[in-house]
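Lettering follows sequence order; numbering is per chain, from 1. Quick caveat, the model's predicted, so the values are computed rather than measured.
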Amino acid sequence: MEKIRRTDIAFLLNDAEGTFVGQIVNVRGWVRTKRGNKFVGFVALNDGSCLATIQIVFDFAKMDESILDRVHSGASISVNGELVESQGSGQRFEIKAVEMELLGEANPDEYPIQPKKHSLEFLRENAHLRFRTSTFSAVFRIRHHMIFAIHKFFNDKGFYNVHTPIVTGSDAEGAGEMFQVTTLDLHKIPYNEEGNIDFSKDFFGKATNLTVSGQLEAELAALALSKVYTFGPTFRAENSNTTRHLAEFWMIEPEVAFADIEDNMDLAEDMLKYVIRYALEYCMDELVFLSQRLQDEEKSKPQNERSPMELIEKLRFVADNEFVRTTYTEAIDILKNSKANQKKQFQFPIEEWGADLQSEHERYLVEKHFQKPVILTNYPKDIKAFYMKLNDDGNTVRAMDILFPGIGEIVGGSQREERYDALVGRMREMHIPEAEMSWYLDTRKFGTVPHAGYGLGFERLMLFVTGMGNIRDVIPFPRTPKNAEF
RNA sequence: UCCUCCUUAGCUCAGUCGGUUAGAGCACCUGACUGUUAAUCAGGGGGUCCUAGGUUCAAGUCCUAGAGGGGGAGCCA
């Protein structure tokens, strides 16, 4: 077969002027469907460069039949042919094949992905092949654009990206259960004289874990570079089995010196709106497809379970409207006086100030009461982390949680406690070992400044932007309890 | 971890009150049709009914345990 430089299918299909019509081009990709008769055949070919397939037309008389017989869904082929305006009505351009090479067969008796609707559960078990489907290739193209948009947002604002450690020796971060990292032989664990595991024999000479947050290290960087953000993997060994939790996920953690809680809220709201607008600008084909898919799925649901807003409409609504900002105390009042509470519709009734909000309460506030994203601030200190700045009332801290419809908490952040004595006081109250945290306390000892930051769960953002219902479907290879396949 | 639901052909699913040979669509194979759009039409092949016990004359169907998966809760991002 004549060697011609490969062209992305996206490049050919997006060429509005049709400048390539009449040229011989080469495309390579994976067959979605093949149809036709004894005389003329059609292959829908996808190479992942865009959602759409390009139609390959071939004249049976001119092609090698032994090759065509082995071209099934999933097979990879290389085609040389002339780009022409399509005679059919389903597409503008197509390729009239001159030569075709079968790069890789896909035995149809064994290849699991077919040109039909598969359940997301089935595809999750075939995560190695689900990239080949329209839905997942759309999700993962959007994922790329969201990653890029986040870096662009922060870069354009003068933030520096910081790589915080993945292996950490600090067990004081307090964000959740940690995965232990060790090179000790688990069959021959060394013990010291007190009968405890002798970590001095371990690789790092101490007990180490996978990070549950880059925040504390990001604070160190912020107190020199002023504006920083991390974007890295995060590991939580919680036995969480929900549509919103992963054991390995990606988190964005900006940290800003000379910033207070108001600046923090502004930054988070700006960032979320920016990346949502970015998706609307650069991923419209994918969003239209996912929206259609959702609407088809909802047809089988009862009326009251259907979403009030279609995906693209919902994204525009969030990008164009102010988030509601209110305090924990006001939220408790709203919930306490709500019909749902008075009619005892909450599984956990709201009785007094100080209780943590359950997800049914968050959903009520976001989905029923305000019907838009909500930023809640000034939580009771007892339900929040040690590093959050204590308010003058002595009871609340300058925390902020951003709650999104259908997702719940998408951002959690705070203004940090920058006063040395106040921070040490909180650490003692909460039994955080000071000695191990001396490096963190040094930032408060030497040239401390007010600062603030937050953590954004990247996959939760992906859930919102794509409208997917399960967090395992917006990360290529999900890690959850009892599942580390692939 | 708790509650709840599910597991039948490669895939999606039906299978009534426990009853005799377990079905359909898609996919695959054969044939028909010179431009299809998940092509269509006709025919064909394809089953560890999740696993292990149990009840029964008889189990895909009922019971117990286990495995895997979904949804909800908690923990959180």
Using a heavy-atom cut-off of under 4.0 Å over every strand shown, decide if [X] touches base, sugar-phosphate, or nothing.
X: A:Ser89; value: base
X: A:Glu121; value: sugar-phosphate
X: A:Gly455; value: sugar-phosphate
X: A:Leu246; value: base
X: A:Pro108; value: sugar-phosphate
X: A:Asn470; value: sugar-phosphate
X: A:Glu362; value: nothing
X: A:Ser86; value: base
X: A:Phe122; value: sugar-phosphate
X: A:Arg124; value: sugar-phosphate

Donor-acceptor pair present, [X] side chain and [N] base, under 3.5 Å:
X: A:Asn37; N: B:U36; value: no
X: A:Glu360; N: B:G72; value: no
X: A:Glu110; N: B:G10; value: no
X: A:Gln91; N: B:U36; value: yes
X: A:His118; N: B:C11; value: no
X: A:Lys96; N: B:G35; value: yes
X: A:His72; N: B:C28; value: no

(request) Indicate yes or no for a side-chain donor-acceptor contact from A:Thr164 to the backbone of A:Ala218 under 3.5 Å, with no hydrogens or angles considered. (result) no
Can we say [X] and [Y] salt-bridge, meaning some charged N sits less than 4.0 Å from an Asp/Glu carboxylate O?
X: A:Asp266; Y: A:Arg325; result: yes
X: A:Arg426; Y: A:Glu429; result: yes
X: A:Asp473; Y: A:Arg130; result: yes
X: A:Arg460; Y: A:Glu409; result: no

(message) By nearest heavy atom, map A:Val411 and A:Asn483 onto RNA chain B; which one lands nearer the 5' end?
(response)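 Final value for this comparison: A:Asn483.
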(message) I want to confirm an ordering. Mapping A:Asp356 and A:Val40 to their closest nucleotides on RNA chain B, which one lands closer to the 5' end?
(response)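 Nearest-nucleotide comparison on RNA chain B picks A:Val40.
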Within the pair [X] and [N], is there a side-chain N or O less than 4.0 Å away from OP1 or OP2?
X: A:Lys117; N: B:C26; value: no
X: A:Arg472; N: B:G69; value: no
X: A:Gln114; N: B:G10; value: no
X: A:Ser240; N: B:C76; value: no
X: A:Thr242; N: B:G71; value: no
X: A:Asn239; N: B:U1; value: yes
X: A:Arg244; N: B:A73; value: yes
X: A:Arg363; N: B:A73; value: yes
X: A:Thr234; N: B:A77; value: no

(message) Check for me: is A:Phe42 stacked on B:G35 by the 5.5 Å centroid and 30° plane-angle rule?
(response)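 No, the aromatic ring of A:Phe42 does not stack with the base.
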Watson-Crick or G-U wobble mate for [N], both contacts under 3.5 Å:
N: B:A67; answer: B:U7
N: B:G31; answer: B:C41
N: B:C2; answer: B:G72
N: B:A14; answer: none
N: B:U55; answer: none

(message) Is the terminal nitrogen or CZ of A:Lys273 (NZ for Lys, CZ for Arg) located under 6.0 angstrom from the six-membered ring centre of A:Phe323 and within 45° of that ring's axis?
(response) yes
(request) Would you verify whether the NZ or CZ of A:Lys314 falls within 45 degrees of the ring axis of A:Phe464 while also being under 6.0 Å from that six-membered ring's centre? (result)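 Output yes; distance and angle both within limits.
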Measure [atom1]/[X] against [atom2]/[N] and give the value in whole Å, please.
X: A:Glu177; N: B:A77; atom1: CD; atom2: C1'; answer: 16 Å
X: A:Arg70; N: B:A27; atom1: CZ; atom2: C1'; answer: 20 Å
X: A:Asp401; N: B:A77; atom1: CG; atom2: C1'; answer: 10 Å
X: A:Gln55; N: B:U36; atom1: CD; atom2: P; answer: 10 Å

(message) So which atom in A:Met100 and which in A:Phe58 form the shortest heavy-atom distance, rounded to 0.1 Å?
(response)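 The answer is CE-CD2, 3.9 Å.
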